Amino acid sequence: MKYRIILFLLTFSLFSCENPTEEDQVAATPVIKKRTDFGFDLNQFNVVNDTVDSGDTFGGIIGKQNLGQLKVHDLISIVRDSFDVRQLRRGKPFTMLRSLDRKKELQVFIYQPDQVNYLVIDLRDSVQVYKKTRPVTIRKRTIAGELDGSLSEALQKEKVDPALAAQIAKVYQWTIDFFKLQKGDKFGVTFTERFINDTIYDGIDTLHAAFFEYKGKNIYAFAFAQNPESGKVEYYDHEGKPLKNFFLKAPLKFSRISSRFSKRRFHPVQSVWKAHKGTDYAAPTGTPIMTTAAGVVERTGYTAGNGNYVKVKHNNTYSTQYLHMSKILVRRGQRVNQGDIIGRVGSTGLATGPHVCYRFWKNGVQVDALALKLPNADPMSNKHKPRFLAQIEPFKRELDSVAGIRLKK
């Protein structure tokens, strides 16, 4: 009897293991993660992701797919009014959603001209073509730090898009000589960044506010539109004074000063002591040279000493000249705007290496551009001051907070 009981228990246990409970069956069922993009449930399709290659055409890409009874030329004719099939660009991504059965018939074609926008050609039922935009989220950041090298390096440490350095340099180009920033100088920046679908980084959106410690002072910059309807934004300091000057601080964006204006300098080529009536900015050959203010090209040419040069007359008071160019990009009599590229750095004429010698005239006399107090842009209208001060108050408070410093008078 004892052995019969044991045999019964073993048999019961065996059948229990072979027949899992309903809860066990539910737990054992694999969970398929839902994948959605472009407004489609991707689990319902055979998904093909690719990019446009050199020589690819819309007809060529579509023609390799199973379109069912639809012909390629008929499809091109249908979508022509909504989508110029010639707009496909090399390197741009596209996605094809095909049926899951063995026919793999093309259901949807999606083309992405950029990260935000995409075009959908839906072939199910009747052909439909429409354009959509991915949701973009704007996030605000405020960072502060001390310079231990270049501004780009400081921002890189904060994991900020390097493009922000160029924006900051452009805002401060009339106010700060970035060649004179020193190790340990403090800075702070408030800006916004774009994110697609709340996850994909899409670059810097707006530079709202900043400050730099420069020559013992904190120079603030705040974005402000005097006429909100126009949307034109300029940058002003904490008192509403414009940062934009009549002249840029330097004719190059990034370089170093290799020789300053001097009444007596030993010439490296001629080996004699003589006046150096300009400021030399060393930079690699080919670096763009900008005119520091708007004006008219007065002269271009070549001399044994100056090499290729351009001289610009800005008004009856000021003129500037740019020497040793590898290439001249403007002609005599041409109107130029502030920041326009007028040539490229070289070492033509009497030069030991690639640089631009920047010369400055005031009332017909050559002077040291770095020692001048140059004219400012038009001031802010007093009627806008209250709105400006109210708008910048939270930005300034946040910058001061993260920097941990007080404004130096």
Side-chain angles (χ1 to χ4, degrees), residues 138-147 150-155 158 160-182 184-193 203-228 230-250 253-254 290 292-293 338-339 373-382 384-409:
I138 304 297
R139 299 178 190 168
K140 183 170 73 73
R141 286 181 66 186
T142 297
I143 63 172
E146 294 186 2
L147 294 177
S150 68
L151 175 60
S152 297
E153 291 171 336
L155 293 176
E158 298 292 333
V160 177
D161 188 338
L164 182 61
Q167 287 192 32
I168 294 172
K170 186 175 182 180
V171 167
Y172 280 108
Q173 61 188 327
W174 301 275
T175 313
I176 293 177
D177 187 344
F178 279 82
F179 311 120
K180 293 183 178 179
L181 289 175
Q182 300 178 355
D185 282 349
K186 296 181 175 65
F187 73 93
V189 190
T190 296
F191 58 99
T192 48
E193 299 172 298
I204 300 297
D205 182 66
T206 304
L207 172 60
H208 291 282
F211 84 85
F212 269 89
E213 188 177 80
Y214 180 66
K215 293 184 176 180
K217 295 182 179 179
N218 289 334
I219 302 179
Y220 286 83
F222 297 99
F224 182 70
Q226 293 199 59
N227 180 3
S230 71
K232 184 180 179 181
V233 171
E234 299 287 354
Y235 288 84
Y236 303 85
D237 70 8
H238 63 289
E239 295 177 342
K241 296 177 182 177
L243 295 184
K244 188 173 183 178
N245 275 344
F246 186 63
F247 284 92
L248 300 178
K249 282 289 185 180
K253 284 188 176 180
F254 300 102
M290 303 177 294
T292 53
Q338 185 181 64
K373 185 176 181 180
L374 298 171
N376 289 332
D378 294 332
M380 180 188 295
S381 173
N382 286 331
H384 299 307
K385 283 281 184 71
R387 179 166 59 89
F388 168 77
L389 294 174
Q391 179 177 308
I392 73 167
E393 194 275 333
F395 289 111
K396 184 176 181 300
R397 184 173 63 248
E398 187 169 16
L399 282 175
D400 291 345
S401 174
V402 297
I405 58 174
R406 298 179 64 185
L407 177 64
K408 299 176 183 177
K409 300 295 184 181

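Atoms considered below: every heavy atom in the structure, side chains included; atoms not considered: hydrogens, waters and symmetry mates. Given the structure is predicted, the values throughout are model-derived calculations rather than measurements. Residue numbers start at 1 and run along the sequence shown.
- Under the rule for a side chain to side chain donor-acceptor pair (under 3.5 Å), R141 has no partner lying at least two apart in sequence or in another chain.
- Remark: Y235 pairs with no residue by the ring pair (Phe, Tyr, Trp, His ring centres under 6.0 Å) rule, at least two apart or across chains.
- In this structure, CG in L151 is found 9.5 Å from CD1 in I176, a value given to the nearest 0.5 Å.
- In terms of the salt bridge (Lys or Arg N to Asp or Glu O under 4.0 Å) criterion, residue partners of K140 (sequence neighbours excluded) are, by chain and number, E398.
- Under the rule for a side chain to side chain contact (heavy atoms under 4.5 Å, CB included), the partners of K241 that lie at least two apart in sequence or sit in another chain are D237, E239.
- With sequence neighbours excluded, the residues that form a side chain to side chain donor-acceptor pair (under 3.5 Å) with Q338 are W174.
- Atom NZ of K249 sits about 11.5 Å away from atom OG1 of T292, to the nearest 0.5 Å.
- By the 4.5 Å heavy-atom criterion applied to side chains, Q226 and M380 are counted as neighbours.
- The two residues A144 and V402 have their closest heavy-atom pair at CB-CG2, 3.7 Å.
- Under the rule for a salt bridge (Lys or Arg N to Asp or Glu O under 4.0 Å), E153 has no partner lying at least two apart in sequence or in another chain.
- Closest heavy-atom contact between S230 and N227: OG-O, 2.8 Å.
- Formation of a donor-acceptor pair under 3.5 Å by the Q173 side chain with backbone atoms of K170 is found in this model.
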Inset, instruction - Take F187 and L147 through the test side-chain contact (heavy atoms from CB on, under 4.5 Å) and record every step on the way to the result. - result: CA-CA 8 Å; F187 73 93; L147 294 177; 4.1 Å; yes
Legend entry - Derivation of the side-chain contact (heavy atoms from CB on, under 4.5 Å) call for L155 and I168: CA-CA 11 Å; L155 293 176; I168 294 172; 4.3 Å; yes
Legend entry - Trace of the side-chain contact (heavy atoms from CB on, under 4.5 Å) decision for E193 with D205: CA-CA 5 Å; E193 299 172 298; D205 182 66; 6.0 Å; no
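- Expressed to the nearest 0.5 Å, how far NZ of K253 lies from CG of L248 amounts to 10.0 Å.
- A tilted orientation is assigned to the rings of F211 and Y220, their planes being inclined by 30° to 60°.
- Nearest approach of A225 to V233, heavy atoms of both residues: CB-CG2, 4.3 Å.
- Interatomic distance, K232 NZ to F224 CZ, rounded to the nearest 0.5 Å: 14.0 Å.
- In terms of heavy-atom proximity, V171 sits nearest to A221 at CG1-CB, 3.9 Å.
- Looking at residues two or more places apart in sequence or on another chain, you find no salt bridge (Lys or Arg N to Asp or Glu O under 4.0 Å) involving K385.
- Partners of T190 according to the side chain to side chain donor-acceptor pair (under 3.5 Å) rule, which considers only residues two or more places apart in sequence or in another chain, are T142.
- Checked against side chain to side chain contact (heavy atoms under 4.5 Å, CB included), E393 has the following partners two or more places apart in sequence or in another chain: R397.
- With sequence neighbours left out, R387 forms a salt bridge (Lys or Arg N to Asp or Glu O under 4.0 Å) with no residue at all.
- A side-chain donor-acceptor contact under 3.5 Å links T192 to the backbone of T206.
- Taking each heavy atom of H238 and L389 in turn, the nearest pair found is O-CD2, 3.8 Å.
- Under the ring pair (Phe, Tyr, Trp, His ring centres under 6.0 Å) criterion, Y172 pairs with F212, not counting sequence neighbours.
- Residues G188 and L399 approach most closely at C-CD2, 3.6 Å, considering heavy atoms.
- Without hydrogens or angle criteria, Q391 side chain to A223 main chain gives a donor-acceptor distance under 3.5 Å.
- For the ring pair (Phe, Tyr, Trp, His ring centres under 6.0 Å) test, no residue two or more places apart in sequence or in another chain qualifies with F191.
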